[in-house]
Protein chains: 2
Amino acid sequence: MEASFEGLKQELKKRDINLSYQRLKVLEYLTLNRCHPTVDQIFTNLHRDIPTLSKTTVYNTLRILQEAGLIKVVTIEDNETRYDIDVEDHGHFKCKLCGKIYDFHTDMSSLTFDDLSNFRIDSKDVYFKGICPGCLSNIKENKRRG
Amino acid sequence: MEASFEGLKQELKKRDINLSYQRLKVLEYLTLNRCHPTVDQIFTNLHRDIPTLSKTTVYNTLRILQEAGLIKVVTIEDNETRYDIDVEDHGHFKCKLCGKIYDFHTDMSSLTFDDLSNFRIDSKDVYFKGICPGCLSNIKENKRRG
DNA sequence: ATTCTATTTTGTAATCATTACAGATATATA
DNA sequence: TATATATCTGTAATGATTACAAAATAGAAT
Ligand SMILES: [Mn+2]
Ligand SMILES: [Mn+2]
Ligand SMILES: [Zn+2]
Ligand SMILES: [Zn+2]
């Protein structure tokens with residue numbers, strides 16, 4: 001955890017991005033909360049520790065980090081933008097009932113698709129939707145009870 | 001084209017969705033314009049033919065069609081919701097430069113991923129981003145000219 | 001340490017997409 | 001035709017994001 005966090009700091013220096021206190025805190029939050037939080041979640045939680053924090057700063061920081069390739073934007077839902085500290089290729093599963101987003105490993109190279117050799121592909125995202133194990137068992141439980 | 005359009009009408013009847021003029025026109029637009037249009041594009045274009053059309057109706061219609069599984073929402077970008085008449089599994093490629101969204105065939109079953117057997121998977125989406133052939137050749141052209 | 005400069009943050013206002021709602025219109029049924 | 005239901009419309013409200021200008025901060029130079 002700490003090790004990768006130090007790595008992030010170095011990544012920022014490499015890209016000439018100053019590491020302000022606010023930016024550090026946003027990065028820290030994403031590192032510690034890997035639940036793909038929304039801007040509002042990040043802001044609300046950090047605001048407890050940093051009462052002067054502005055939501056604009058959170059937006060600015062997330063944009064900068066994203067442009068630097070240090071975080072990934074998850075657009076699995078059309079009405080909520082989420083952020084992910086994990087920029088390695090992996091899939092996302094969103095539960096329709098509880099709304100939680102689960103990570104899963106994928107081998108993107110296994111996916112067969114049309115010839116796109118004339119396209120320059122920069123990123124690949126895989127989004128699944130459905131119902132998670134917890135919610136499925138809740139449904140069963142409710143049915144049993146009637 | 002006409003054949004599948006008749007098919008759509010029947011799908012609507014099957015699901016007890018009345019086929020109003022406005023709904024027919026939205027469906028027709030999506031059938032004829034397979035470029036994954038935004039709400040605004042659909043509204044603006046239909047408004048020429050139907051001056052009384054309300055944007056709210058377009059929103060309502062798209063929601064109804066989506067809930068009935070007759071159209072698919074494409075959330076490849078976080079700031080623009082797009083709509084697709086093609087509900088079969090296929091991938092989407094968005095060009096960062098011209099913004100165009102390309103379809104491509106995929107074999108979703110070829111993708112290897114973590115064991116999700118305890119999850120109920122209802123839908124799978126694959127989104128690629130990068131630069132399309134046309135924009136790539138424009139870049140080359142500009143470099144040559146200096 | 002002080003001044004100067006560039007960067008970052010903050011707070012507010014503006015914008016844009018979407019939804020809520022209530023009245024008007026059209027459609028179906030008796 | 002009368003009545004009930006469904007749909008459409010226009011406007012207002014909401015919520016997320018962006019624009020912007022002033023305030024605060026940090027870094028460099030003197
Ligand atoms: Mn993730
Ligand atoms: Mn498509
Ligand atoms: Zn769930
Ligand atoms: Zn392009």
Side-chain angles (χ1 to χ4, degrees), chain A residues 8-9 12-29 36-68 70-84 99 101, chain B residues 8-9 12-29 36-68 70-84 99 101:
Chain A
L8 286 174
K9 280 193 187 178
L12 282 166
K13 273 186 190 162
K14 201 188 296 175
R15 287 153 217 254
D16 275 327
I17 300 175
N18 289 355
L19 194 56
S20 71
Y21 182 66
Q22 288 83 348
R23 287 174 186 173
L24 185 80
K25 281 301 188 179
V26 169
L27 261 180
E28 189 185 59
Y29 187 85
H36 315 92
T38 63
V39 170
D40 204 66
Q41 278 178 270
I42 299 168
F43 170 74
T44 304
N45 283 283
L46 290 182
H47 191 256
R48 291 179 188 138
D49 290 338
I50 319 165
T52 58
L53 182 67
S54 165
K55 195 177 259 188
T56 301
T57 299
V58 179
Y59 274 106
N60 287 338
T61 300
L62 291 170
R63 183 176 38 74
I64 286 168
L65 295 176
Q66 185 222 330
E67 283 168 2
L70 293 174
I71 64 173
K72 184 188 271 187
V73 179
V74 177
T75 60
I76 195 169
E77 203 69 64
D78 62 341
N79 57 343
E80 54 180 24
T81 306
R82 290 166 167 274
Y83 296 87
D84 196 344
I101 293 180
Chain B
L8 286 174
K9 280 194 190 177
L12 283 166
K13 272 186 191 163
K14 201 189 296 176
R15 286 154 218 254
D16 275 327
I17 301 176
N18 289 355
L19 193 55
S20 72
Y21 180 66
Q22 288 85 347
R23 288 173 185 174
L24 185 79
K25 282 299 186 179
V26 169
L27 261 180
E28 187 184 61
Y29 186 85
H36 316 93
T38 63
V39 169
D40 204 67
Q41 278 177 272
I42 298 167
F43 170 73
T44 304
N45 282 285
L46 289 182
H47 191 254
R48 291 180 188 136
D49 290 338
I50 318 164
T52 59
L53 182 67
S54 165
K55 194 177 259 189
T56 300
T57 299
V58 178
Y59 274 105
N60 286 339
T61 300
L62 290 170
R63 183 176 40 73
I64 286 168
L65 294 176
Q66 185 221 330
E67 283 168 3
L70 292 173
I71 64 174
K72 182 187 275 190
V73 179
V74 177
T75 59
I76 194 169
E77 203 69 64
D78 62 339
N79 58 344
E80 53 180 25
T81 306
R82 292 167 167 274
Y83 295 88
D84 196 344
I101 293 179

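Naming convention: chains lettered A, B, ... in sequence-line order (proteins, then strands); numbering from 1 in each chain.
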To the nearest angstrom, how far is [X] atom [atom1] from [N] atom [atom2]?
X       : N      : atom1 : atom2 : answer
A:Asn60 : D:dA23 : CG    : C1'   : 15 Å
B:Arg23 : D:dT9  : CZ    : P     : 11 Å
A:Leu19 : C:dT9  : CG    : C1'   : 15 Å
A:Leu53 : C:dT8  : CG    : P     : 16 Å
B:Gln66 : C:dT18 : CD    : P     : 12 Å
A:Leu62 : D:dT18 : CG    : C1'   : 14 Å
A:Leu24 : C:dT8  : CG    : P     : 14 Å
B:Ile42 : C:dT18 : CD1   : C1'   : 14 Å

### Task
Would you mind listing every salt bridge (charged side-chain N to carboxylate O under 4.0 Å, His left out) that reaches into residues 50-64 of chain A, with sequence neighbours excluded?
A:Asp40-A:Lys55, A:Arg63-A:Glu67
Going by heavy atoms in the side chains, are [X] and [Y] under 4.5 Å from each other?
X        : Y       : answer
A:Val73  : A:Thr81 : yes
A:Ile101 : A:Asp84 : no
A:Ile50  : A:Tyr21 : yes
B:Gln22  : B:Asn60 : no

Respond yes when some side-chain nitrogen or oxygen of [X] is under 4.0 Å from OP1 or OP2 of [N], and no when none is.
X       : N      : result
A:Thr52 : C:dT10 : yes
B:Gln22 : D:dT9  : yes
A:Arg63 : D:dT17 : no

### Query
Which residues pass the ring pair (Phe, Tyr, Trp, His ring centres under 6.0 Å) test with B:Phe43, sequence neighbours left out?
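Per chain and number, B:Phe43 pairs via ring pair (Phe, Tyr, Trp, His ring centres under 6.0 Å) with B:His47.
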## Note on the structure
Sorted by chain and number, sequence neighbours left out, side chain to side chain contact (heavy atoms under 4.5 Å, CB included) with B:Glu77 holds for B:Asn79, B:Glu80, B:Lys94, B:Lys129
### Query
Of the candidate nucleotides D:dC8, C:dT18, C:dT9, which contains the atom at the shortest distance from the side chain of B:Val39?
C:dT18
Which pairs, protein N/O on one side and nucleotides 11-16 of chain D N/O on the other, fall under 3.5 Å?
from   : atom 1 : to      : atom 2 : distance (Å)
D:dT11 : O4     : B:Thr56 : OG1    : 3.3

### Message
Once you apply a heavy-atom cut-off of 4.0 Å, does B:Thr57 come out as touching a base, just sugar-phosphate, or nothing?
### Response
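The answer is base, as B:Thr57 lies within the cut-off (heavy atoms under 4.0 Å) of a base atom.
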### Query
Under 3.5 Å, side chain of B:Arg82 to main-chain N/O of B:Val74, donor-acceptor pair present?
no
## Note on the structure
Across all chains, not counting sequence neighbours, the salt bridge (Lys or Arg N to Asp or Glu O under 4.0 Å) partners of A:Arg23 are none
Scan nucleotides 25-30 of chain C against the protein and return all N/O pairs shorter than 3.5 Å with their distances rounded to 0.1 Å.
none

